[in-house]
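Reminder, nothing fancy here: chain letters follow the sequence lines and each chain counts from 1.
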Amino acid sequence: MRVIITSVLGLLFLALPFIIKSNYLLSILIVIGIYTLVVEGLGLLMGYAGQVSFGQAAFFGIGSYTVAILTARYHWDTVAALLAAVVIPSAVAFIIGRPTLKLRELYLALATLAFGLLVHIAFNEGRELTGGPSGLTGIPYLSFAGLILNRDIHFYYLVWAFVLLVFLAVRNLDRSRIGRAMRAIRDSELAAEANGINTALLKLQAFVFSAFLAGLAGGIYAYYITFVSPSPFGFNMSVQFVLMAVVGGLGTVWGPVLGVGLVVALGEVLRWFIPLVMPRAGGEYQIVFFGIILVLVMIFRPEGLSGRWRKKQAAAEEGKGALETTTT
Amino acid sequence: MQTHEQLLQFIFSGLMLGSIYALIALALVTTHNITGILNMAQGEFVAIGALTACSFYEAGFSLPAAFILAVLITAIVGGFMERLAINPARNSSPLSLIIITIGVSIALRGTALLIWGTDPYSLPSFSGGESLHVLGAVINEQGIWILGLVIFAVSGLYIFMEKTYWGKAVRACVINRVGARLVGINPYILSFMAFVASGALGAAAGIVITPVTLATYDMGFVLGLKGFVAAVLGGINSVGGAILGGLLLGVLEMFGAGLVSSGFKDAVALIVLIIVLLVRPEGIISAVTGRRV
């Protein structure tokens with residue numbers, strides 16, 4: 001049964017660009033795919049390793065700018081630039097992750113937030129390299145082995161092929177020793193440590209992997225939009241990534257794509273709907289609803305829409321509470 | 001080059017700016033001490049307070065009346081936030097709570113955008129007096145008001161904590177939440193009061209700087225962030241630390257802007273935050289006072 005459902009879904013996805021015939025819908029599907037790459041990584045970091053990052057848009061942006069700078073300024077081969085867009089954010093995550101991941105939840109959130117804002121300032125201020133607030137143009141089409149990717153349909157298949165790979169990777173990870181170890185960290189770092197899990201190393205690996213995926217997504221994004229500027233890589237985007245991860249559900253493979261799909265779809269619907277109700281309103285008003293939804297989801301369904309997390313989390317909280325009572 | 005006068009100017013301007021950060025940090029520390037929550041929507045209280053005061057002033061209220069009304073309204077907003085968003089989720093993990101406060105901050109910022117739009121608003125300076133000249137440096141007279149407000153807020157908070165029943169309850173809660181509940185202190189009422197107070201404090205901070213910096217719907221984000229840096233810098237549990245951290249951050253920023261570049265000003269706070277988090281996450285003050293609160 002599972003096999004049949006999966007194959008039907010797979011075929012549907014392959015055929016989708018020929019069915020919908022709408023460039024607008026196709027572009028939304030591409031954006032969903034790109035964000036899904038980021039959110040799979042963030043979901044792994046949050047749902048498995050129990051760490052939050054409010055700087056994920058920075059890795060996304062570093063990936064985009066790497067492609068833009070290397071191709072538009074230094075005329076690198078496009079595939080090599082995409083590789084660099086994966087390597088550089090991973091390296092940055094490795095360097096900053098080592099000291100940062102020692103921090104507890106609250107402080108880690110603040111540190112990643114500060115990192116994200118600093119990178120955003122650097123995009124704006126590093127004019128010689130990044131073009132400052134007006135951004136960089138002149139990114140060539142992504143091409144390899146004589147194949148030039150210059151149409152939406154190409155990107156559709158490229159992005160979703162990567163998403164599929166990531167799905168498989170995360171699924172395998174979930175069932176592996178590392179996956180179990182990560183969930184152990186999320187539930188109780190102390191207990192995980194006591195069982196001989198190298199928690200520091202695992203958290204760092206999850207962080208680097210999330211940056212790796214964000215960089216990949218950023219690189220593809222740069223080739224798709226063929227223009228980079230600082231605005232899509234700020235704090236709001238980081239919050240949206242967290243929102244997507246949380247709404248979809250932490251600790252599942254399908255959660256991220258569900259969360260991204262819902263948040264993007266909601267954003268589009270609001271963009272159409274709000275001007276009908278409030279003619280004076282601009283696009284930015286959708287952010288009010290995002291905020292409210294984020295609060296409601298955290299209150300009523302903190303495990304997200306596809307979550308299987310609640311029971312475990314409740315158990316972990318009980319454990320923590322007991323620990324707190326005994327130590328205070 | 002009158003270098004020493006320039007340096008003195010940096011220090012004065014930094015102290016003025018820093019006392020705003022101190023005030024916001026004070027609100028953050030109060031909430032954090034009582035509820036254990038780091039309220040990411042604190043900056044939005046600042047913006048809402050400032051914008052509400054501008055609206056009342058434009059509607060013909062006198063400046064003191066606009067000030068008081070705006071502080072009251074923002075305090076109510078803080079209370080609503082606690083009842084509607086924080087209290088229903090009080091048993092959630094710290095991560096969920098921080099995401100909730102971020103959600104509230106986004107919603108409040110969006111609501112401010114809906115109500116006030118993107119235009120900057122302004123208030124006249126509180127007294128029409130002249131700027132003071134001290135040793136060749138100029139002190140804007142609004143700066144005196146700002147310092148005065150900070151001193152007023154701090155001494156008010158001190159008297160509240162030391163002299164009133166509720167203040168003692170707060171301190172008991174800070175020392176041991178379980179113990180406080182055992183002797184009949186209700187932490188849920190205290191949590192509500194903490195958010196009301198931080199709404200009022202934030203609003204006061206926002207209103208008093210509006211004559212200098214103008215008020216916009218998105219002013220809260222940067223100010224809230226600076227409040228965080230100040231609170232973390234001073235030690236998130238320490239009221240004295242919050243004030244010292246705020247003043248220090250203000251002076252550091254002014255030197256950063258004056259000696260390096262003005263585009264660098266916001267980066268100073270972020271770099272300070274990262275360094276403090278990595279080197280001394282318990283803040284600079286707790287080195288002196290230990291872990292006692």
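- Between B:Met40 and A:Val239 the shortest side-chain heavy-atom distance does not fall below 4.5 Å.
- In the displayed structure, B:Arg83 atom CZ is contacted under 6.0 Å by more than 12 heavy atoms of other residues, nucleotides or ligands.
- Proximity to chain A (any heavy atom under 4.5 Å) is restricted, for B:Leu84, to the backbone atoms N, CA, C and O.
- Here A:Leu294 contributes atom CG and B:Ile102 contributes atom CD1; the two are 8.0 Å apart, rounded to the nearest 0.5 Å.
- The contact between A:Val246 and chain B is made entirely by side chain atoms (from C-beta outward), counting heavy-atom distances below 4.5 Å.
- With a threshold of 4.5 angstrom between heavy atoms, B:Leu277 approaches chain A through its backbone and through its side chain.
- Contact check for A:Val295 versus B:Met81: no side-chain heavy atoms found under the 4.5 Å cut-off.
- Residues B:Ser92 and A:Met298 come closest through the heavy atom pair OG-O, 4.5 Å.
- Contacts of B:Ile99 with chain A are made by both backbone and side-chain atoms, with heavy-atom separations under 4.5 Å.
- For A:Asn124, no part lies near chain B; criterion is any non-hydrogen pair under 4.5 Å.
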Could you go through residues 109-117 of chain A and list every donor-acceptor pair under 3.5 Å that involves a side-chain atom there, pairing it with any protein atom two or more places apart or in another chain?
unit_1: A:Thr112; atom_1: OG1; unit_2: A:Phe54; atom_2: N; d: 2.9
unit_1: A:Thr112; atom_1: OG1; unit_2: A:Leu108; atom_2: O; d: 3.0
unit_1: A:Thr112; atom_1: OG1; unit_2: A:Ala109; atom_2: O; d: 2.9

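- For the pair B:Ile106/A:Val288, no side-chain contact is recorded, criterion being any heavy-atom separation below 4.5 Å from C-beta on.
- Taking CG of B:Leu108 as the start and CD1 of A:Ile292 as the end, the distance is 9.0 Å to the nearest 0.5 Å.
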